[in-house]
Number of protein chains: 2
Amino acid sequence: MSRLLSGNPLPRPEAAPASEERSAESALQRWQKLGFDPSRCPVRDVFDHVGNKWTALILMTLAAGPQRFSALHRAIPDISKRMLTQSLRDLERDGLIHRHVHPTKPPSVDYRLAPLGLSIIGPLDTLARWAEVNHPEIRDARARFDAQD
Amino acid sequence: MSRLLSGNPLPRPEAAPASEERSAESALQRWQKLGFDPSRCPVRDVFDHVGNKWTALILMTLAAGPQRFSALHRAIPDISKRMLTQSLRDLERDGLIHRHVHPTKPPSVDYRLAPLGLSIIGPLDTLARWAEVNHPEIRDARARFDAQD
DNA sequence: GCTCAATGGTCTCATTTATATACCAGTCCT
DNA sequence: AGGACTGGTATATAAATGAGACCATTGAGC
């Protein structure tokens, strides 16, 4: 238990810029080294809720402005209504979006980013750009792996 | 269908820097507007594979340097071995990590970031920092939602 | 007035996916 | 010899997801 994560003289893969690597460690690994309760780890929580496919897609779609339920469904056709409803509830519960009901005769509903939701668009978009840029390489790697192994 | 996402004079939530907001739209919404096949959308693909809880956690743990299977399991105790095995295979298949077998008498295995994997640590860490900073606010929102509704 | 479609969902059921648990062969420590 | 660690696999069960039917209300077209 004492040598669990203490002195770890493993060979580094490469001499990566120390500052970069250290900053990448810190956020998550402070938790790990200190043995904090994993169930309260923010990283787990956020990646589980906000980082999942549908949730991220919804948030990024809402970045263009408020959208009604069915507009969202049209923008993301491959989500089931069931999942769309549930994801929207989750996002609302977490304070990332607001559900706004217009009291028109046939009441209409729209969803819009709350300030908290707006603040995650940047990080999310950074990942999305990475995805766009590196997707070909991932597909290649996948093809190679499937072919030879 | 024509007015679906065309002219959208909706009230912006706030006067965010136009460049920021436009850039947030562009990545995903080009796809949506052009009606591309969702199954080939890089954003879906990456958020599904790389953005899920375990995968992101593994990548960030490996950012500190190569780790053996059991070290990873100790660092992330709440993942099942089965899921850890499977997540590692997926990451290897996508070319984000390498599996390295040392031909010692009892052979030992370690996993390390491939260049592609190293390149995603930055974006991932950005999200992780957001998580750390905003987790309290999310928890508050959740508590409020659960209490009154 | 009748039919057809859209709205914003909910409900049920089948399939997919994840977790928990047990197990394996080989090797080290005591 | 007993127990623990290595890197997993196999099986059984629980949870998440998807497909599709349904609902009350409204508006448009015929």
Side-chain angles (χ1 to χ4, degrees), chain A residues 1-6 8 10 38-39 41 44-45 47-58 61-62 66-93 97-112 149, chain B residues 1-5 38-39 44-45 47-58 61-62 66-93 97-112 149:
Chain A
M1 210 199 250
S2 54
R3 56 173 277 275
L4 220 177
L5 285 169
S6 50
N8 209 349
L10 285 164
S39 70
C41 169
R44 282 167 174 71
D45 200 17
F47 274 98
D48 217 23
H49 283 90
V50 177
N52 91 59
K53 190 173 51 170
W54 299 135
T55 311
L57 241 19
I58 291 170
T61 302
L62 287 179
Q67 310 266 335
R68 308 179 54 166
F69 184 88
S70 34
L72 281 169
H73 201 190
R74 274 190 299 266
I76 310 171
D78 51 339
I79 190 177
S80 63
K81 280 165 137 192
R82 192 183 176 286
M83 261 287 103
L84 180 54
T85 303
Q86 186 187 304
S87 303
L88 287 169
R89 288 289 125 79
D90 287 351
L91 286 170
E92 195 193 355
R93 185 168 103 103
I97 65 175
H98 286 316
R99 179 174 185 271
H100 199 251
V101 184
H102 300 106
T104 47
K105 307 77 156 216
S108 81
V109 181
D110 70 36
Y111 296 89
R112 54 188 66 190
D149 211 46
Chain B
M1 210 198 254
S2 55
R3 57 172 277 276
L4 219 180
L5 286 167
S39 69
R44 281 167 175 72
D45 200 17
F47 273 99
D48 217 23
H49 283 92
V50 177
N52 91 60
K53 189 173 51 169
W54 299 135
T55 310
L57 241 19
I58 291 170
T61 302
L62 287 179
Q67 310 266 334
R68 308 179 54 165
F69 184 88
S70 34
L72 280 170
H73 201 191
R74 275 191 299 265
I76 310 170
D78 51 339
I79 190 177
S80 63
K81 280 163 135 192
R82 194 184 180 287
M83 259 287 103
L84 180 54
T85 302
Q86 185 187 305
S87 304
L88 287 168
R89 287 290 124 79
D90 286 351
L91 286 171
E92 196 194 354
R93 184 168 104 103
I97 65 174
H98 287 315
R99 181 174 184 270
H100 199 252
V101 184
H102 300 106
T104 48
K105 308 79 157 210
S108 81
V109 182
D110 71 37
Y111 295 89
R112 54 188 65 191
D149 210 45

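Residue numbers start from 1 in every chain, and the chains themselves are labelled A, B, ... in the order their sequence lines are given, proteins ahead of strands.
- The shortest distance between side-chain heavy atoms of L88(B) and F69(B) falls below 4.5 Å.
- Here R82(A) does not reach the OP1 or OP2 of dT12(C): none of its side-chain N or O atoms lies under 4.0 Å away.
- The distance from atom CG of L57(A) to atom CG of D78(A), rounded to the nearest 0.5 Å, is 7.5 Å.
- Nearest-nucleotide mapping onto DNA chain D: of I79(A) and P106(A), the residue sitting toward the 5' end is I79(A).
- Rounded to a whole Å, the CG atom of L72(B) is 14 Å from the C1' atom of dT6(D).
- Neither OP1 nor OP2 of dA16(D) sits under 4.0 Å from any side-chain N or O of W54(A).
- The nearest whole Å value for the distance from the CD atom in Q86(A) to the C1' atom in dT17(D) is 9 Å.
- For the OP1/OP2 pair of dA19(D) and a distance below 4.0 Å, the side-chain nitrogens and oxygens of S80(A) include no atom meeting the criterion.
- When all heavy atoms are compared, the tightest approach of S80(A) to H73(A) is C-NE2, 4.4 Å.
- Rounded to a whole Å, the CD atom of Q67(A) is 12 Å from the P atom of dG8(C).
- The phosphate of dG7(D) has neither OP1 nor OP2 within less than 4.0 Å of any side-chain N or O from R89(B).
- Between the P atom of dG7(D) and the CG atom of D110(B) lies a distance of 9 Å, rounded to the nearest Å.
- In this entry the distance linking NE2 of H73(B) with P of dG8(D) reads 13 Å, nearest Å.
- One can place CG of D90(B) at 11 Å from P of dT17(C), the figure rounded to the nearest angstrom.
- Protein atom OH of Y111(B) is 8 Å distant from nucleotide atom P of dG7(D), rounded to whole Å.
- Of the possible donor and acceptor atoms, one in the side chain of T85(A) sits under 3.5 Å from a partner among the backbone N and O of K81(A).
- For V109(B), whose side chain is taken as the heavy atoms from C-beta onward, the closest listed nucleotide among dG8(D), dG18(D), dG9(C) is dG8(D).
- Side-chain proximity of M83(A) to dT6(D), dT17(D), dG9(C): nearest is dT17(D).
- Summarising the geometry of T55(A) relative to H49(A), their closest heavy-atom pair is OG1-O, 3.0 Å, with the distance given to 0.1 Å.
- OP1 or OP2 of dT7(C) has at least one side-chain nitrogen or oxygen of S70(A) nearer than 4.0 Å.
- The distance between atom CD1 of I76(A) and atom C1' of dT17(D), rounded to the nearest whole Å, is 16 Å.
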